[in-house]
Every structure is written in C-alpha cells, then in structure tokens.
K.L.:
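Quick one: structure below, then a few questions.
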Amino acid sequence: MNPDQLASAIRDALAAAIAAGELNIAVPDEVPLERPRSREHGDYATSIALKLVKESGLKPRQIAEILAPRLEAIAGIAAVEIAGPGFLNIRLDTAAAGALVGQVIAAGAEYGNGTSLAGVKINLEFVSANPTGPVHIGGARWAAVGDALGRILSAQGGEVTREYYFNDHGAQIDRFARSLLAAARGEEAPEDGYGGEYIGEIAGRIVAANPDAASLPDAEATELFRSQGVELMFTEIRATLHEFRTDFDVYFHENSLHESGAVDKAVARVKESGHLFEKDGAWWLRSTDYGDDKDRVVIKSDGNPAYIAGDLAYFLDKRLRGFDLCIYMLGADHHGYISRLKAAAAAFGDDPDVVEVLIGQLVNLVKDGVPVRMGKRAGNVISLDDLIEAIGVDAARYALIRYSVDTSVDLDLDLWTKAGNDNPVYYVQYAHARLCRMLANAADLGIDAGEDYDPALLDTPQENALIALLAAYPGVLRTAADLREPHRVARFLEDLAAGLHKFYDAVRVLPMGDAAPTAATASRLWLSRAARQVLANGLGVLGVSAPERM
RNA sequence: GCGCCCGUAGCUCAGUUGGAUAGAGCAGCGGACUUCUAAUCCUCAGGUCGCAGGUUCGAAUCCUGCCGGGCGCGCCA
C-alpha cells in the first residue's frame with residue numbers, strides 16, 4: 001500500500017461515515033498524509049480530523065473516533081491510534097507496505113512519474129545568455145536547474161519545449177563586434193566594450209578564417225566581426241551546455257524577430273489592446289497594472305523599438321506556437337521583468353498566468369574560504385567551463401540544483417571535489433554504486449531473486465524506513481513539478497541514500513560464507529533492486545550520472 | 001526612497017497547502033570493519049527559527065511594523 005492508496009482509502013472511509021450519517025460534510029479532495037518523524041507515531045499520520053473541525057462542527061477527537069474503526073477494518077492497515085489533538089496514526093501491515101517493492105520494480109524507469117501535467121504544452125525558457133561571452137556561473141545555475149525542471153515537468157506528462165532566447169540584436173552586440181575588431185587590430189578595447197581573454201581568441205579565429213578582415217573599412221569590418229563573432233560565440237556556448245548535458249529544442253534568435261517584421265506586427269497588434277498608450281512621442285506598455293513601478297517604453301520616440309518590443313513579439317510567437325504555459329527562468333537582476341512579461345501577456349488578451357517567471361538568486365564561488373572574484377565585463381570570468389573543469393559535470397549540476405533558487409548560495413569548490421559523505425553528490429552516487437556491486441555479487445554467486453518475493457519478510461525498522469522512502473518518491477516528484485522546485489528531488493535523494501546506507505549496514509542481504517540463500521535473501525534482493533531503481537530514476541531526473549562502481 | 005529574495009545549530013542549508021518534542025550534513029566528543037564497497041553506520045552534545053506585536057485550538061510557516069544582508073529600480077539591451 002502506497003501513500004496514494006492510503007489517502008484514497010481514508011477518503012473512502014470518510015465517504016462511508018458520511019453515508020452512515022455520522023458526519024455532515026463533503027468528502028475532501030485532499031487528505032493530508034505524512035510520514036511522522038517519530039516511529040512511535042506509526043508509519044503514516046493524518047491530520048484530517050483536525051482539518052474537518054470547522055466544517056463538521058465536531059471536535060477533532062470525535063471525528064477521529066468515527067474514522068479510526070473504519071480505517072482499522074481496511075485490509076493492509078494493521079493498527080490505527082488516535083493521538084495528540086486528534087491525529088490518526090496508522091500502522092501498515094508489513095506485507096502491505098512491502099508490496100510497494102514489487103510495484104517499483106514493475107514500473108522500472110517509469111516509477112515516480114505522474115500525470116498532473118498531461119497534455120500541457122510548456123515552453124521552458126532558460127539560460128538565454130547573451131552571445132557576447134561564455135556562459136557564466138549564473139547561467140550555469142539556470143542550465144542545471146532549468147534542465148532538471150524540464151525533466152521533472154516531462155515526468156508529469158508535460159510536453160516541454162526547452163528554449164534558449166539568443167539576444168543577437170542591439171547595442172551589446174555592437175559593442176561586442178567593436179571589441180573584436182579592436183582586438184584584431186591590436187587596439188585597446190573600446191571603453192564600453194568587452195575585454196576578456198576570449199575576445200582576443202575569437203578575434204584571432206575570425207582573422208585566421210578571413211586574413212584581411214581587420215583591414216576592411218570600419219563598417220564592413222564591424223559587420224563581419226559581428227556576424228562571425230556571434231556565430232562562433234554561440235557555437236561555443238552550445239558546446240559548453242552540451243557538455244553540461246543541457247540541450248535545447250529551440251534556439252531562438254532575437255534578430256529573426258526584427259528581420260521578419262514580427263516585432264512591427266506584434267506592436268501593431270498590441271497598440272489596439274488598450275494596454276499600450278502613446279505619450280511624449282513614444283508608445284508605452286501599461287506594466288504598472290501588473291505591479292511595475294513605472295510604465296515601460298515599447299517604441300521609442302525616435303520610432304525604434306525598445307528592447308521589450310522584442311519580448312512582446314517573442315511572447316506572441318510562443319503563443320502562436322500553441323504553448324499553454326510559458327515559463328521564464330531569470331536571474332535576480334531581472335526580477336523587474338515579471339510585471340512586464342505579465343503585462344505583455346495581458347496585452348495580447350491572454351491570462352497573465354500563462355506567463356510564469358522564476359527568479360534565481362545569485363551564485364558565489366568560494367575556494368579556501370575566500371570568495372572567488374567574478375565579473376564578465378572585466379574579463380575575470382568564472383565561466384561554466386571553469387566550473388566544469390574545477391568540479392566536474394555531475395558535481396556542478398548537483399551543487400547548482402540542490403539549493404532552492406530563492407536563496408543565493410556560496411559553492412565551496414573544495415567541498416564539491418571531496419570524495420566523502422560531506423559531499424552530497426558522492427553520498428548519493430555511492431549509495432547507487434554500493435547497491436550495484438552487491439547485486440553484481442549476488443549474480444556472481446548464482447543467487448537468483450526469483451520471480452516473486454515475500455513482502456512480509458521485510459520487517460526490520462531499516463527495511464520499513466527504506467520502503468517508506470521509496471513510496472514517497474512519486475509525491476516528491478509531483479511536488480517538485482507543482483512548485484517548480486527541482487531541489488526537492490536532490491534533498492529527497494540524500495534522504496533515500498541515508499536510508500539505503502542504514503539498511504545496508506543493519507541488514508545483511510547476501511548469505512554469509514557458504515550459507516544457503518533464504519526467502520529473506522530474495523526479499524532483500526528485491527528491496528535492493530527497488531532502491532537502486534529509485535536512486536537511478538532520481539539521479540536521472542537531475543541529469544546526474546548513476547555510476548555502477550566508484 | 002520603492003520593489004523582489006533571504007535571515008532556522010559554530011558553518012552550509014532543508015522544512016508546499018499552518019499541525020505532535022523544529023531537521024540533515026559538516027565541524028566537536030566517543031564508538032563500530034577476519035564476511036555484500038568504512039566514499040559507510042551508531043552515540044552524545046549543539047536552537048529566544050533576526051526582533052516586536054497580531055490572527056487561532058495550534059505559527060519557522062499567515063498578517064503588520066522594525067533590524068540586518070543580497071539584487072534591482074534607463075525612451076540601455
């Protein structure tokens with residue numbers, strides 16, 4: 001019996017009590033169910049009796065007393081106790097709890113998936129770093145979290161399109177082009193330009209391919225360095241992200257919106273909406289309706305589109321492609337965009353809720369207890385490449401995903417390269433590798449777990465706890481998807497790994513010496529396989545490898 | 001000044017919709033390997049959940065006001 005089945009059994013008990021006239025309420029949609037911290041409080045506990053106080057007009061313990069005998073009569077429930085203010089503490093029958101192991105193995109790689117987003121077309125835009133330099137650490141956070149979120153939303157049945165918006169238009173690109181040209185000519189970088197080492201490197205590659213590039217007339221040369229520089233930078237960014245196991249379905253070029261006339265069209269359309277107004281010769285988006293502290297210019301008084309005109313056109317494009325939900329993952333320095341993007345949706349006649357903006361706080365790197373300097377403009381870049389080189393893809397992804405994006409984090413580079421259980425990614429991966437070795441040993445010994453197992457034999461506290469962890473996984477995935485919080489999966493995996501290690505330490509799986517395998521051996525092998533499956537599934541969702549040996 | 005995020009153990013951080021005695025890892029003390037990977041496990045210790053009010057059967061969680069830190073407030077992109 002898993003938590004979902006238990007929750008629906010409780011709902012059935014409520015319905016029965018209502019039908020019998022003992023309760024005068026509607027059957028609640030959700031039944032709160034938790035795994036109590038203390039084992040003395042049973043396998044599961046529900047506060048449903050406390051929640052129904054107001055609606056029923058009864059005292060919590062009265063409600064609990066109505067429910068307890070009905071629950072106790074359900075097959076698979078061993079005992080029900082009323083405790084505290086009105087909690088119902090539920091103890092499962094060992095065999096009923098252990099049956100979950102078979103469900104996990106039957107579901108395999110699909111175990112944990114749900115349908116809460118079935119059929120929802122989701123556009124997930126993340127990273128979208130400017131092609132004026134390598135992906136830096138902030139972009140890296142989104143690469144890891146965004147990719148994991150994509151996998152989590154897909155696991156709930158969402159039809160996810162990962163998208164990278166490529167700002168290859170405008171003044172920053174012009175500065176980038178001039179910086180490249182200056183580097184190629186051996187001149188100082190322009191005052192407002194880019195000065196990192198990569199500028200010289202990219203310029204060198206352009207010159208190598210076009211030997212006379214630097215000596216062309218300024219306008220022509222700038223254009224050449226612009227187009228080729230952007231292309232080279234883009235290729236490099238894509239390669240780095242690919243190495244980081246983050247690939248996109250769509251790389252969208254901002255410039256294409258301007259060249260195709262999509263921007264003009266989008267603006268023309270939105271001018272009629274009432275969300276745009278003309279003032280001082282410019283056209284403004286009434287973003288204050290959605291919490292902005294001032295309205296924003298869409299068409300400047302010189303007739304040129306402002307930056308957000310591109311955002312408007314891009315949003316319209318997404319909607320025309322049929323997305324039900326557009327998620328934008330932005331850095332903390334862009335939180336002001338939320339109201340603009342909501343206003344943009346409203347201007348096109350959409351519910352602003354189709355736009356969802358996730359804001360990620362900044363990431364700092366720490367080495368030897370000292371913050372590592374960063375700053376893209378200065379060229380003192382901590383890039384994603386650097387991070388991968390320093391701690392590897394698995395640790396980097398895991399480290400960036402593990403924390404709520406609401407909090408700024410300091411990543412300690414020393415910690416994430418350590419091989420020990422203070423390094424969470426090793427701790428989790430080791431649990432998986434340990435199981436793989438043990439299961440391989442079982443195969444070497446010719447021990448066959450058989451077609452079936454006896455769930456009632458999984459009766460130690462460690463086995464009980466491990467099974468409960470496996471049972472909790474679908475709920476964790478569901479919550480992570482609902483709240484767009486991949487870090488929950490990582491935290492769960494750490495709990496699961498701890499549960500596994502405790503089990504491994506306390507319960508011998510394979511027979512000692514020459515002893516013959518028993519029925520318990522088979523049951524424990526089944527449990528081990530199930531645990532390995534869930535560890536692998538969870539790591540898979542994070543895009544972190546599940547090694548078979550370490 | 002205004003907006004967003006954060007403030008939980010010495011350190012790094014968990015803690016969805018309010019629920020029982022607030023958790024984990026590290027650091028500290030003391031233990032456990034002749035047999036499945038000790039990259040592990042067990043014990044002890046560690047707290048005014050920033051402060052002050054409020055809401056209620058019940059608040060780390062919700063509301064208000066303060067304090068402290070990060071980020072942002074262009075007809076730039």
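Heavy atoms only: backbone and side chains are in, while hydrogens, waters and symmetry mates are out. Every chain is numbered from 1 and lettered A, B, ... according to where its sequence line falls, protein lines coming before strand lines.
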K.L.:
Using atom names, set out every protein N or O paired with an N or O of nucleotides 55-65 of chain B below 3.5 Å, distance rounded to 0.1 Å.
P.N.:
none

K.L.:
Below 4.5 Å, heavy atoms only, C-beta onward: do A:Tyr328 and A:Leu341 meet side chain to side chain?
P.N.:
yes

K.L.:
Taking the same atom, C1', in B:U43 and in B:A32, what whole-Å distance lies between them?
P.N.:
11 Å

K.L.:
Using atom C1' in both nucleotides, what's the gap between B:U17 and B:G31 to the nearest angstrom?
P.N.:
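Each nucleotide's C1' atom is 43 Å from the other's.
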
K.L.:
Would you indicate which nucleotide in B:G70, B:C41, B:G19 comes nearest to any side-chain atom of A:Gln361?
P.N.:
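Out of B:G70, B:C41, B:G19, the nucleotide with an atom closest to A:Gln361's side chain is B:G70.
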
K.L.:
Ignoring the backbone of A:Lys502, work out which of B:U37, B:A39, B:C41 is nearest its side chain.
P.N.:
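Selected nucleotide (nearest to the side chain): B:C41.
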
K.L.:
Could you list all N or O pairs between the protein and nucleotides 74-77 of chain B that sit under 3.5 Å apart?
P.N.:
| unit_1 | atom_1 | unit_2 | atom_2 | d |
| --- | --- | --- | --- | --- |
| B:G74 | OP2 | A:Lys294 | NZ | 2.9 |
| B:C75 | O2 | A:Ser301 | N | 2.9 |
| B:C75 | O2 | A:Ser301 | OG | 2.8 |
| B:C75 | N3 | A:Ser301 | OG | 3.1 |
| B:C75 | N4 | A:Asp280 | O | 3.1 |
| B:A77 | OP1 | A:Lys300 | NZ | 2.8 |
| B:A77 | O3' | A:His169 | O | 2.9 |
| B:A77 | O2' | A:Gln172 | NE2 | 3.3 |
| B:A77 | N6 | A:Tyr337 | OH | 3.0 |
| B:A77 | N1 | A:Tyr337 | OH | 2.2 |

K.L.:
How far does the P atom of B:C51 sit from the matching atom of B:G47, given to the nearest Å?
P.N.:
14 Å

K.L.:
Starting at CH2 of A:Trp416 and ending at P of B:G25, how long is that distance when rounded to a whole Å?
P.N.:
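About 15 Å, once rounded to whole Å.
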
K.L.:
Would a 4.5 Å heavy-atom cut-off, applied to side chains only, mark A:Phe503 and A:Leu500 as touching?
P.N.:
yes

K.L.:
Taking atom CZ of A:Arg478 as the centre, does the number of heavy atoms from other residues, nucleotides or ligands within less than 6.0 Å exceed 12?
P.N.:
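No.
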
K.L.:
Under a 3.5 Å limit for both distances, which nucleotide forms a Watson-Crick or G-U wobble pair with B:U56, could you say?
P.N.:
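Pairing partner: none.
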
K.L.:
Please give the distance between the P atoms of B:G23 and B:C49 as a whole number of Å.
P.N.:
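B:G23 and B:C49 have their P atoms separated by 14 Å.
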
K.L.:
Test your reading of the model: is there a side-chain donor-acceptor pair from A:Ser128 to the backbone of A:Tyr165, 3.5 Å cut-off?
P.N.:
yes

K.L.:
From CG of A:Asp505 over to C1' of B:U43, roughly how many Å is that when rounded to an integer?
P.N.:
14 Å

K.L.:
Starting at CG of A:Asp495 and ending at C1' of B:G23, how long is that distance when rounded to a whole Å?
P.N.:
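For the pair A:Asp495 CG and B:G23 C1', the rounded distance is 9 Å.
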
K.L.:
Rounding to an integer number of angstrom, what distance separates B:G15 and B:C76 when you compare their C1' atoms?
P.N.:
41 Å

K.L.:
Over how many whole Å does the gap from A:Arg434 atom CZ to B:U35 atom C1' extend?
P.N.:
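Distance, rounded to whole Å: 14 Å.
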
K.L.:
How long is the line joining NE2 of A:His335 and P of B:C6, in whole Å?
P.N.:
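A:His335 atom NE2 is separated from B:C6 atom P by 13 Å.
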
K.L.:
State the pairing partner of B:A14; accept Watson-Crick or G-U wobble contacts with both distances under 3.5 Å, and report none otherwise.
P.N.:
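Paired with no nucleotide.
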
K.L.:
Roughly how many Å apart are B:C67 and B:A52, using the C1' atom of each and rounding to a whole number?
P.N.:
11 Å

K.L.:
Could you check, using the six-membered ring where one of them is a Trp, whether A:His253 and A:Phe166 have ring centers closer than 6.0 angstrom?
P.N.:
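Aromatic pair counts; centres sit under 6.0 Å.
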
K.L.:
Which way is the base of B:C33 turned, syn or anti, if we draw the line at 90° from 0?
P.N.:
syn

K.L.:
Applying a 4.0 Å non-hydrogen cut-off, can you work out what A:Ala433 is touching in the nucleic acid: base, sugar-phosphate, or nothing?
P.N.:
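Result for A:Ala433 = base.
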
K.L.:
Under the 3.5 angstrom rule, does the side chain of A:Thr46 hit a backbone N or O of A:Pro32 as a donor-acceptor pair?
P.N.:
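Yes, because the side chain of A:Thr46 sits within donor-acceptor range (under 3.5 Å) of the backbone of A:Pro32.
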
K.L.:
Do any N or O atoms from the side chain of A:Arg11 and from the backbone of A:Asp29 form a donor-acceptor pair under 3.5 angstrom?
P.N.:
yes

K.L.:
Name the nucleic acid region contacted by A:Ala83, choosing base, sugar-phosphate or nothing; use a 4.0 angstrom heavy-atom cut-off, strictly under.
P.N.:
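Base, at least one base heavy atom under 4.0 Å.
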
K.L.:
Whole Å only: how far is the CG atom of A:Asp333 from the P atom of B:C6?
P.N.:
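Taking CG of A:Asp333 and P of B:C6, I get 17 Å after rounding.
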
K.L.:
Could you tell me which nucleotide pairs with B:C71 by Watson-Crick or G-U wobble geometry, both distances under 3.5 Å, or answer none if nothing does?
P.N.:
B:G3

K.L.:
Within the pair A:Tyr427 and B:U37, is there a side-chain N or O less than 4.0 Å away from OP1 or OP2?
P.N.:
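Result: no.
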
K.L.:
B:C36 C1' sits how many Å from A:Tyr430 OH, rounded?
P.N.:
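Interatomic distance, OH of A:Tyr430 to C1' of B:C36: 10 Å.
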
K.L.:
Go nucleotide by nucleotide along RNA chain B from the 5' end; which of A:Asp410 and A:Leu88 gets its closest nucleotide reached first?
P.N.:
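Going by which nucleotide is closer to the 5' end, it is A:Asp410.
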
K.L.:
Remember a base hit wins even if backbone is also touched, and classify A:Val409 as base, sugar-phosphate or nothing at under 4.0 Å, heavy atoms.
P.N.:
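If one applies the 4.0 Å heavy-atom cut-off, A:Val409 turns out to touch the sugar-phosphate alone, with no base involved.
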
K.L.:
Across all strands, who's sitting opposite B:C41 as a Watson-Crick or G-U wobble pair, both distances under 3.5 Å?
P.N.:
B:G31

K.L.:
Taking only the side-chain heavy atoms of A:Thr407 (C-beta and beyond), determine which of B:C71, B:A14, B:C26 contains the nearest atom.
P.N.:
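The answer is B:A14.
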
K.L.:
What is the distance from NE2 of A:His432 to C1' of B:U37, rounded to the nearest Å?
P.N.:
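My rounded result for the distance is 14 Å.
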
K.L.:
Would you check if the side chain of A:Trp526 reaches a backbone N or O of A:Ala449 as a donor-acceptor pair within less than 3.5 Å?
P.N.:
yes

K.L.:
Does A:Asn89 reach the main-chain N or O of A:Gly42 with its side chain, forming a donor-acceptor pair under 3.5 Å?
P.N.:
no

K.L.:
For nucleotides B:G3 and B:C66, find the distance between their P atoms and express it as a whole number of Å.
P.N.:
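Their P atoms lie roughly 11 Å apart.
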
K.L.:
Which of the following nucleotides, B:C36, B:A39, B:A20, is nearest to the side chain of A:Ala45?
P.N.:
B:A20

K.L.:
Whether the side chain of A:Asn89 and the base of B:A20 hold a donor-acceptor pair under 3.5 Å is what I'd like checked.
P.N.:
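Side chain to base: pair present.
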
K.L.:
Would A:Val428 and A:Tyr398 satisfy side-chain contact (heavy atoms from CB on, under 4.5 Å), going step by step from the backbone distance to the final call?
P.N.:
CA-CA 10 Å; A:Val428 174; A:Tyr398 194 93; 4.0 Å; yes

K.L.:
Between A:Lys418 and A:Glu548, which is nearer to the 5' end of RNA chain B once each is assigned its nearest nucleotide?
P.N.:
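Mapping each residue to its closest nucleotide by heavy atoms, the 5'-most match is A:Lys418.
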
K.L.:
Is the backbone of A:Arg402 close enough, under 3.5 Å, to the side chain of A:Arg491 for a donor and an acceptor to pair up by distance?
P.N.:
yes

K.L.:
Ignoring backbone atoms, establish whether A:Ser404 has a side-chain N or O less than 4.0 Å from OP1 or OP2 of B:G15.
P.N.:
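For B:G15, OP1/OP2 do not have a side-chain N/O of A:Ser404 under 4.0 Å.
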
K.L.:
Tell me whether the OP1 or OP2 atom of B:G70 has a side-chain N or O from A:Asn364 closer than 4.0 Å.
P.N.:
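So the side-chain polar atoms of A:Asn364 never come under 4.0 Å of the phosphate oxygens OP1 or OP2 of B:G70.
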
K.L.:
Strictly below 4.0 Å, heavy-atom distances to any atom of RNA chain B: list the hits from residues 472-494 of chain A, or just say none.
P.N.:
A:Leu483, A:His487, A:Arg488, A:Arg491

K.L.:
Walk me through it: do A:Asp505 and A:Arg508 pass the test salt bridge (Lys or Arg N to Asp or Glu O under 4.0 Å)?
P.N.:
CA-CA 7 Å; A:Asp505 250 64; A:Arg508 176 79 195 188; over 6 Å; no

K.L.:
What contact category does A:Ala506 fall into here, base, sugar-phosphate, or nothing, at under 4.0 angstrom with non-hydrogen atoms?
P.N.:
nothing

K.L.:
Is it the case that the side chain of A:Arg141 and the backbone of A:Gln361 share a donor-acceptor pair, with hydrogens and angles ignored and the cut-off at 3.5 Å?
P.N.:
yes

K.L.:
For the CD atom on A:Glu223, are there more than 12 heavy atoms of other groups (residues, nucleotides or ligands in this structure) within a distance under 6.0 Å?
P.N.:
yes

K.L.:
Give none if B:C51 has no partner; otherwise give the nucleotide forming a Watson-Crick or G-U wobble pair with it, both distances under 3.5 Å.
P.N.:
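Its partner is B:G65 (Watson-Crick or G-U wobble, both distances under 3.5 Å).
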
K.L.:
I'd like the P distance from B:A24 over to B:G46, given in whole Å.
P.N.:
14 Å

K.L.:
Which is true for A:Val507 with a 4.0 Å heavy-atom rule: it touches a base, it touches only sugar-phosphate, or it touches nothing?
P.N.:
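Base, at least one base atom sits under 4.0 Å.
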
K.L.:
Mind checking A:Tyr403 for me? I need base, sugar-phosphate or nothing, with any heavy atom below 4.0 Å counting as a touch.
P.N.:
sugar-phosphate

K.L.:
Just by distance, do the side chain of A:Ser256 and the backbone of A:Phe252 share a donor-acceptor pair under 3.5 Å?
P.N.:
no

